[in-house]
Amino acid sequence: MSRIAHAGLRSKICTADEAASFIKNGMNVGFSGFTGAGYPKAVPVALAAQIKAAHERGEAFMIGAFTGASTAPELDGALAEVDGISYRMPYQSDPQMRSKINAGISGYADIHLSHSGPQTLAGFQGKLDVAVIEVTAILENGELVPSSSMGNNTAWMTAADKVILEVNSWQSMDLFGMHDVYDIGLPPFRKPVELTHPGDRIGTTTMKVDLNKVIAIVETDAEDRNTPFKPLDDESRLIAGHLLDFLTNEVTQGRLPKNLLPLQSGVGNIANAVLAGLLEGPFENLTSYTEVIQDGMVDLLDSGKMTVASATAFSLSPEYAKKMNDNAADYRQKIILRPQEVSNHPEMIRRLGVIATNGLIEADIYGNVNSTHIMGSRMQNGIGGSGDFTRNAYISSFVTPSTAKGGAISAIVPMVSHHDHTEHDVAVIITEQGLADLRGLSPQKRAKVVIENCAHPDYKPALLDYYERAVKVANGQQTPHILNEALSWHARFLETGTMKA
Ligand code: 0RQ
């Protein structure tokens, strides 16, 4: 059966090459796609070939690329490889894209995920010329069934002058019914998000598009970029264990209900290990209000330990993506995919009392967190949704190994080389060494707990020494620093290849 039921739109079916030719030098393009799910798979590759050919003819051809979050080699990878992206926002994690950003070829605005759609609708990001959106199907009435990510799809289709659709028959038709499409709008008419439980629905199951904007439709049958998770290692198990002990104690102290509060869990292997820990843990009737559904969350839903999960996209291994496709009719009873401005909305995170857990690159002794930059200047991925969740969470936590690069780098430093999450927002820091609960502590007390509980033994004495000397010489006792030494660990690493003195 054709996935394009609308008779009028069938006349727009064309090749990826024809569709891509609508995109010209200097245009801003809004692509679907979030953490390697639901991104267009044919048009960006065709566009990259056209950009390459233009460059070979000596012509300028670069675009602004807006997405939901990270995509895949067929999108970020292909376009970055041909130097086709002059401006990129928001989150990315592709090695090619990262290297062009760090080489200064592609400008990158690392804005909060919940801001990316609304800022574009408001006109803050310039004009959006074209939206390229993957869908599962086009219904007879022209409404669109979203695929494995909602992301910024509706924002892009509203903001853009023209829309190109990719209809992907690899996506299960049973995804129909899993989404909750709700547009919040812009001030002064922005609507409240009247959800009081992660399982609530307030929107529609399909997306609407102005059919006059649709200039091309491309049919594909390609799977999402699904990356396997690493097998759980001892370090991740230890980190997960510290977090689960902490949550158990919060329940004992009466600060959390027995089934906790809705969980947000970041991307990556440690986050997945935390979910695996919950599978063996004592908590029942868990819920999740998060961004991405990983393998660990599917296991929790399968086991009955988790009753419902709300997110904006999948981030599954190939094995779990197949399982999702085969069983989407069951999973849509327990999984809801929302636009990212709803999944990451401060109003919801604050109201529901989300427990947020994200990864970090480095934290300092006072509780400031850097999630994005290596040694101050070099972009890793981006802030993603971690800022949306951390600032508004009931309890915000960060997980990381205490060292990186075989021990040459301490994840706990005197001062972070870039600030993403400030000491005002960070409640708990966890490494394999232990957990620092920063709630209710002044900066000086925090420093002692962070060094004692989280730092690696190789770096503990030097951190303590820095702190104790800072207390003696600083110009104030609120957050004592020795300014010409605070970033010397990073400088040493860049000069010698290790932070060790
Ligand atoms: O480098 O790949 O070259 O080996 O950074 O580090 O330890 O594998 O950890 O995959 O969980 O990523 C913060 C980047 C952690 C991630 C970050 C190097 C390390 C390795 C990856 P290699 P790990 P993870 C919601 C949440 C921001 C977005 C976010 C992230 C690589 O969690 O992008 O939270 N977070 N989104 O060697 C130098 C250090 C380092 C370091 C790690 N201190 N110095 N290199 N590395 N620490 C989801 C979304 O928003 C979509």
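Remember, it's 1-based here, ligands and their atoms both numbered in the order they're listed. Remember, predicted model here, so these are calculated numbers, not experimental data.
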Exercise for the section: Under 4.0 Å from a heavy atom of Ile409: give me the atoms of ligand 1 that qualify, with their elements. Expected result: 38 (C), 39 (C), 43 (N), 44 (N)
Fill in the blank from the handout: Nearest non-hydrogen protein atom to atom 32 (O) of ligand 1, with distance, is Gly359 CA, 3.6 Å
Exercise for the section: Give a yes or no on whether atom 50 (O) of ligand 1 lies under 4.0 Å from any heavy atom of the protein. Expected result: yes
Exercise for the section: Could you list which atoms of ligand 1 come closer than 4.0 Å to a heavy atom of Leu360? Expected result: 13 (C)
Handout entry: Nitrogen or oxygen of Ile361 less than 3.5 angstrom from that of ligand 1
Key = yes
Practice task
Would you list the pairs meeting salt bridge (Lys or Arg N to Asp or Glu O under 4.0 Å) in which at least one residue belongs to residues 413-429, sequence neighbours left out?
Solution key: Arg391-Asp425, Glu423-Arg446
Exercise for the section: List the atom of Ala72, the atom of Tyr39, and the distance in Å for their closest heavy-atom pair. Expected result: CB-CZ, 3.3 Å
Exercise for the section: Consider every N or O of Gly385 and every N or O of ligand 1, then say whether any pair is closer than 3.5 Å. Expected result: yes
Problem - Per-atom contacts, ligand 1 versus Leu113 - under 4.0 Å to a heavy atom - result: 50 (O)
Fill in the blank from the handout: Contact region, Val292 to ligand 1, non-hydrogen atoms below 4.0 Å, reads neither
Exercise for the section: Evaluate the side-chain proximity of Ile409 to Trp489: yes if any heavy-atom separation is below 4.5 Å, no if none is. Expected result: no
Exercise for the section: Examine the side chains of Asn259 and Asn285 and answer whether a donor and an acceptor come within less than 3.5 Å of each other. Expected result: no
Exercise for the section: Tell me which part of Thr35 gets within contact of ligand 1: side chain, backbone, both or neither, using heavy atoms under 4.0 Å. Expected result: side chain
Practice task
Find out whether Leu263 and Val274 are in side-chain contact, i.e. whether some heavy atom of one side chain is under 4.5 Å from a heavy atom of the other.
Solution key: no
Handout entry: atom 12 (O) of ligand 1 protein-contacted (non-hydrogen atom, under 4.0 angstrom)
Key = no
Handout entry: Proximity of Phe389 to ligand 1 by residue part, where a heavy atom lies under 4.0 Å
Key = neither
Handout entry: Beyond-backbone contact of Leu244 with Leu278, side-chain heavy atoms, under 4.5 angstrom
Key = yes
Handout entry: Donor-acceptor contact present, side-chain Ser148 to main-chain Ala37, <3.5 Å
Key = no
Handout entry: Atom indices of ligand 1, in the order listed, that fall short of 4.0 Å to a heavy atom of Gly384
Key = 50 (O)
Completion exercise
Within 4.0 Å of some non-hydrogen atom of Ser386, the atoms of ligand 1 are 29 (C), 34 (O)
Handout entry: Gln264 N/O under 3.5 Å from ligand 1 N/O
Key = no
Problem - Ile374: numbered ligand 1 atoms lying under 4.0 Å from its heavy atoms - result: 38 (C), 41 (C), 45 (N)
Exercise for the section: Starting from atom 2 (O) of ligand 1, find the nearest protein heavy-atom neighbour and note its residue, name and distance. Expected result: Gln380 NE2, 4.7 Å
Practice task
Answer yes or no: does an N/O atom from Asn381 fall short of 3.5 Å to an N/O atom of ligand 1?
Solution key: yes
Fill in the blank from the handout: Judged by heavy atoms only, the candidate from Ser402, Gly382, Gly406 nearest atom 27 (C) of ligand 1 is Gly382
Problem - Nearest heavy atoms of Gly68 and Leu113, plus distance in Å - result: O-CD2, 3.3 Å
Practice task
Mark yes or no for whether Arg351, through its side chain, and Val193, through its backbone, hold a donor-acceptor pair below 3.5 Å.
Solution key: yes
Handout entry: Plane angle bin for Tyr366 and His481 - parallel if under 30°, tilted between 30 and 60°, otherwise perpendicular
Key = perpendicular
Completion exercise
For Ile336 and Arg201 the tightest heavy-atom approach is CG1-NH2, 3.6 Å
Problem - Heavy-atom side-chain contact between Ile293 and Val298 under 4.5 Å - result: yes
Problem - Those atoms of ligand 1 less than 4.0 Å from some heavy atom in Ile383 - result: 28 (C), 29 (C)
Fill in the blank from the handout: Residues at least two apart in sequence or cross-chain that pass side-chain contact (heavy atoms from CB on, under 4.5 Å) with Asp110, listed by chain then number, are Tyr108, Thr372, Met379, Ile383
Handout entry: Closest protein heavy atom (residue, atom, distance) for atom 1 (O) of ligand 1
Key = Lys405 NZ, 3.3 Å
Handout entry: Heavy-atom protein contact below 4.0 Å for atom 45 (N) of ligand 1
Key = yes
Problem - Heavy-atom nearest option to atom 7 (O) of ligand 1, drawn from Ser265, Pro95, Pro401, Gly387 - result: Pro401
Practice task
Determine if the distance from atom 23 (P) of ligand 1 to the closest protein heavy atom is below 4.0 Å.
Solution key: no
Handout entry: Side-chain heavy atoms of Arg88 within contact of Thr67, under 4.5 Å
Key = yes
Practice task
Using a distance threshold of 4.0 Å (strictly less than), state whether atom 4 (O) of ligand 1 has a protein heavy-atom neighbour.
Solution key: yes
Handout entry: Heavy-atom check, side chain of Asn453 versus side chain of His242, under 4.5 Å
Key = no
Practice task
With heavy atoms of Glu291 as the reference, note each atom of ligand 1 found under 4.0 Å away.
Solution key: 25 (C), 48 (C), 49 (C), 50 (O), 51 (C)
Problem - atom 18 (C) of ligand 1 within contact range, any protein heavy atom under 4.0 Å - result: no
